[in-house]
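Contents: one structure, followed by commentary.
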Amino acid sequence: DHIDGLHDPLEYLRQLQSHLRSEINTGSSLEFYVVVEKILSGDETLPGDWPVAGTTGYDFLSSVNTLFVNQDGIETIKSVYRRRLNIRSSYDDIVYEKKKQIIAQLFPGDIEALGLQLVELALHDRDTNIPQADLMEAIIEVISCLPVYRTYIRDFEVSPRDQLYLRHAIKEAYRRNPRLDSSSLDFLDHVLLLNFPSDLPQERKKIWLRFVMRCQQFTGAIMAKSLEDTTFYTYTPLLSLNDVGEDPGASGFSMESFHTHNKEVMAHWPHTLNTTSTHDTKRGEDVRARLNVLSELPEEWEIHLNRWFRMNRSAKTPIDGQRSPDSNTEVLLYQTMLGSWPFMETEVTEFRERLKSYMIKAVREGKTVSDWAAPNQDYEQALLLFIDHLFQSRRFLDDFLPFQKKIAHYGVFNSLSQTLLKITSPGVPDFYQGTELWDLSMVDPDNRRPVDYIQRRKALDNIITCETQGSSNLVGKLLDSRHNGAIKLYVIYKTLGTRLVYKRLFQEGDYLPIQTTGPRSINVCAFARRLQDTWAIALAPRMLTSVIREDEFPLGEQVWKDSKLSLPEGSPPYWSHILTGEVFEATDKSNDLLLGDVFDTAPLALLLGHI
């Protein structure tokens with residue numbers, strides 16, 4: 001946990017492996033199974049020399065989540081957000097400013113100490129007297145512009161990866177703050193990249209290196225506090241992208257990027273974790289699955305958002321000449337309600353109180369209108385009154401609830417597809433406590449509430465009993481009662497059961513993206529896992545608002561028309577549907593399967609075949 005906070009992560013991990021081997025006295029050189037909580041930014045990859053099996057899975061969370069975000073729709077949503085709040089700053093601008101804010105609030109002493117060290121280095125090794133204030137400002141600017149959590153310099157060789165990120169940060173610092181003293185930034189550039197003076201003694205080089213390694217320890221914490229614990233609550237166009245490992249400012253997502261990620265994992269980290277919820281995620285996995293639907297309905301979202309702003313304006317409390325809550329908090333509140341609203345009406349009263357607690361935390365984390373260090377009691381009271389108004393206003397609820405129900409309907413199928421992809425993709429599927437059923441939780445402590453395991457055991461026992469008794473169309477019955485989450489549990493139970501029987505197939509098998517053709521080709525993510533003569537194919541529908549109405553299931557030929565799955569060359573002719581028990585035969589000439597047949601009784605599929 002928090003691997004980036006260590007002085008030398010690689011050395012720590014090496015010592016950990018050595019300690020484990022000595023503890024059980026194996027005499028073996030094999031590595032133990034260790035994964036690290038490492039947040040990867042953008043195209044960043046895990047350092048290849050770390051003796052670990054991979055990460056705790058936030059990179060998979062980002063990859064699979066964005067698979068369900070409509071590329072055109074997210075740009076429209078961002079435009080709606082900027083217009084609604086009159087925002088001109090880009091996402092990168094906001095992150096930059098929040099980093100500087102966090103440094104000033106939480107790390108002033110650390111920056112001052114680093115500045116003093118830099119002064120000593122400049123005087124001793126360059127015979128240059130650069131003011132400490134200028135050096136501290138240079139440090140703040142470079143850290144604020146660093147695009148990743150941290151670099152990993154540990155000796156006199158600076159890797160190409162670290163050179164790239166540091167040069168980007170230094171260039172950005174020049175661009176963002178042209179008034180910055182150039183001599184201070186130039187000197188910091190030389191130190192961070194270990195561009196030593198030609199006559200610098202070895203002992204002095206070690207002092208430079210110690211400064212760099214000390215500086216690296218702070219950048220990860222600053223990124224986490226400014227991004228995850230601040231920006232994610234103040235930049236809120238689409239909350240499903242505001243989660244650990246995500247990039248809310250990204251402009252495009254594609255199925256190809258999902259397949260690329262999985263192929264990279266298979267090649268380099270086949271036993272990394274694949275997660276969709278953790279103790280630190282900002283919202284439950286099924287909340288994100290719901291909110292992604294907004295990217296498919298951006299115009300409809302804008303209509304409702306504008307309508308809600310108008311109808312609820314009078315419920316705001318005037319504070320210091322401003323109506324409270326502010327517009328950004330209002331957008332965050334509406335999305336949270338859309339994503340976390342319970343399926344069962346009996347749970348609404350409890351949800352209301354949970355929502356209040358969450359929103360107080362959200363505004364304090366955002367550090368704009370309130371703060372943990374100095375809570376704005378008047379603002380927070382106004383926010384709580386506003387929430388009470390929303391739950392009591394029949395006018396608002398008559399407009400909100402039908403739209404929420406529509407979002408939740410499509411969100412069900414996003415959730416099921418996400419679950420299937422997590423279990424069948426390269427890596428080890430990870431299940432956070434309670435996510436066996438719908439996970440509509442908010443950030444901690446809400447996602448750390450006690451889990452009703454008795455309810456889950458009963459649901460699983462009922463599934464197994466129905467299956468044993470040969471209950472006809474079990475998937476259909478579970479879909480009809482989908483509000484209780486048993487359909488998700490069924491997908492987990494059947495798919496994990498298949499992994500258990502075919503361990504090597506899913507641990508070692510090739511990863512082969514599969515093409516779909518026809519009018520619904522973009523609405524299915526499909527890939528095969530292959531090991532010798534055994535094959536498995538996962539088919540996960542997505543972007544279904546253009547495929548079915550809100551009262552329909554994505555089933556049958558009428559929905560999928562003549563869209564087809566093009567089977568890979570050399571694949572089996574016969575396939576068993578793990579979720580339904582159906583058997584399909586590929587067409588003789590084209591080696592295709594009709595999606596309408598595959599999705600006839602279940603809205604997703606795991607097919608198994610043998611040559």
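The local environment of CD in Q322 is sparse, with at most 12 non-hydrogen atoms from other residues, nucleotides or ligands closer than 6.0 Å. The number of heavy atoms from other shown groups lying within 6.0 Å of CG (D398) is above 12.
Interatomic distance, CG of L67 versus CZ of R542, reported as 5.0 Å (0.5 Å rounding). For the atom pair S415 OG and R288 CZ, the distance stands at 9.5 Å (nearest 0.5 Å). To the nearest 0.5 Å, atom CG of residue L294 and atom CD of residue E300 are 9.5 Å apart. With rounding to the nearest 0.5 Å, the separation of CZ in R456 from OG1 in T435 is 8.0 Å. Taking CZ from R364 and CG from D371, the interatomic distance works out to 9.0 Å, rounded to the nearest 0.5 Å. Distance check: I407 CD1 to L291 CG gives 8.0 Å after rounding to the nearest 0.5 Å.
The pair R83-E302 meets the salt-bridge criterion, since a charged nitrogen lies less than 4.0 angstrom from a carboxylate oxygen. With salt bridges taken as basic N to acidic carboxylate O contacts below 4.0 Å, one links R175 and E172. For D439 and R283, the salt-bridge test fails: no basic side-chain N is under 4.0 Å from an acidic carboxylate O. Under a 4.0 Å N-O distance rule, the pair E365/K367 qualifies as a salt bridge. Ion pairing between K282 and D229 holds under the 4.0 Å rule for side-chain N and carboxylate O. The residues E285 and K488 are annotated as salt-bridged, a charged nitrogen and a carboxylate oxygen being separated by less than 4.0 angstrom. The pair E141-K99 does not meet the salt-bridge criterion, since no charged nitrogen lies less than 4.0 angstrom from a carboxylate oxygen. A salt bridge links R449 and D446; the closest N-O separation between the charged side-chain nitrogens and carboxylate oxygens is under 4.0 Å.
T281 contributes a side-chain N or O that, together with a main-chain N or O of T278, makes up a donor-acceptor pair within less than 3.5 Å. Checking side-chain atoms of T236 against main-chain N and O of L239 turns up no donor-acceptor pair under 3.5 Å. In this structure a side-chain-to-backbone donor-acceptor pair under 3.5 Å is missing from S324 to D326. In this structure, K361 contributes its side chain and D444 its backbone to a donor-acceptor pair below 3.5 Å. Side-chain atoms of H409 come within 3.5 Å of backbone N or O of E550 as a donor-acceptor pair. In this structure, Q404 contributes its side chain and G339 its backbone to no donor-acceptor pair below 3.5 Å. Between the side chain of N274 and the backbone N or O of P426 there is at least one donor-acceptor pair closer than 3.5 Å.
In this structure the side chain of V80 reaches within 4.5 angstrom of the side chain of L305, judged on heavy atoms. The shortest side-chain heavy-atom distance between T219 and M223 does not fall under the 4.5 Å cut-off. Here the side chains of F413 and P603 are in contact, with some heavy-atom distance below 4.5 Å. Looking at L241 and T66, their side chains come closer than 4.5 Å, going by heavy atoms from C-beta outward. K225 is not listed as a side-chain neighbour of Q105, based on a closest heavy-atom distance of 4.5 Å or more. Within the 4.5 Å cutoff, the side chain of P429 has heavy atoms near those of the L496 side chain. With a 4.5 Å cut-off on side-chain heavy atoms, E246 and D243 count as touching. Between T55 and W269 there is no side-chain heavy-atom pair separated by less than 4.5 Å.
Y410 does not carry R290 over the face of its six-membered ring by the limits of under 6.0 Å from the centre and within 45° of the normal.
The six-membered or imidazole ring of W341 lies near that of F391, with a centre-to-centre distance under 6.0 Å. Checked against a 6.0 Å centroid threshold, the rings of Y81 and Y235 count as neighbours.
Closest of all the heavy-atom pairs between L489 and A459 is CD2-CB, 3.7 Å. Nearest approach of L333 to I387, heavy atoms of both residues: CD2-CG1, 4.0 Å. For R354 against L440, the heavy-atom pair with the smallest separation is NH2-O, 3.7 Å. When every heavy atom of C215 is checked against every heavy atom of I143, the shortest pair comes out as SG-CD1, 4.3 Å. Considering every non-hydrogen atom in both T336 and F351, the closest pair reads O-CZ, 4.5 Å.
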(request) Determine, step by step, whether N242 and Y233 satisfy the side-chain hydrogen bond (donor to acceptor under 3.5 Å, both in side chains) criterion, reporting the C-alpha distance in whole Å, the side-chain angles of both residues, the deciding distance to 0.1 Å, and the verdict. (result) CA-CA 8 Å; N242 288 30; Y233 295 94; over 6 Å; no

(request) Starting from the C-alpha separation in whole Å, work towards a yes-or-no answer on side-chain hydrogen bond (donor to acceptor under 3.5 Å, both in side chains) for T276 and Y432. (result) CA-CA 8 Å; T276 42; Y432 182 61; over 6 Å; no

(request) Report the C-alpha distance between W308 and F386 in whole Å, list the side-chain angles of each, state the deciding distance to 0.1 Å, and finish with yes or no for ring-ring contact (aromatic ring centres under 6.0 Å, His included). (result) CA-CA 12 Å; W308 299 340; F386 187 75; over 10 Å; no

(request) Let me see the working for T56 and E37 under side-chain hydrogen bond (donor to acceptor under 3.5 Å, both in side chains), right down to the final yes or no. (result) CA-CA 5 Å; T56 54; E37 187 204 37; 5.5 Å; no

(message) Between F258 and F68, is the side chain to side chain contact (heavy atoms under 4.5 Å, CB included) condition met? List the steps.
(response) CA-CA 10 Å; F258 175 77; F68 297 90; over 6 Å; no

(request) Test side-chain hydrogen bond (donor to acceptor under 3.5 Å, both in side chains) on K458 and Q455 and set out the steps. (result) CA-CA 5 Å; K458 287 181 178 178; Q455 176 194 19; over 6 Å; no

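A side-chain N or O of N292 and one of N65 form a donor-acceptor pair less than 3.5 Å apart. Side-chain contact annotation: N70 with S295, donor-acceptor N/O pair under 3.5 Å absent. At a cut-off of 3.5 Å, with distance as the only test, a side-chain donor of S90 or D93 sits close to an acceptor on the other residue. Remark: the D247 side chain and the S62 side chain contain no N/O donor-acceptor pair separated by less than 3.5 Å. Side-chain contact of H304 with D399: a donor-acceptor pair under 3.5 Å is present, judged by distance alone. Between the side chains of H389 and N312, at least one donor N or O sits under 3.5 Å from an acceptor N or O. In this model, a donor atom of one side chain and an acceptor atom of the other lie less than 3.5 Å apart for E380 and S370.
The aromatic rings of F396 and F400 sit parallel to each other, their planes meeting at less than 30°, with 60° as the upper class boundary.
Exactly one of D551, T545, V547 qualifies for a side chain to side chain contact (heavy atoms under 4.5 Å, CB included) with R549. That residue is D551. Considering T329, T317, D320 as possible partners of Y379, the one that fulfils the side chain to side chain donor-acceptor pair (under 3.5 Å) test is T329.
K405 meets the side-chain hydrogen bond (donor to acceptor under 3.5 Å, both in side chains) test with no other residue; sequence neighbours excluded.
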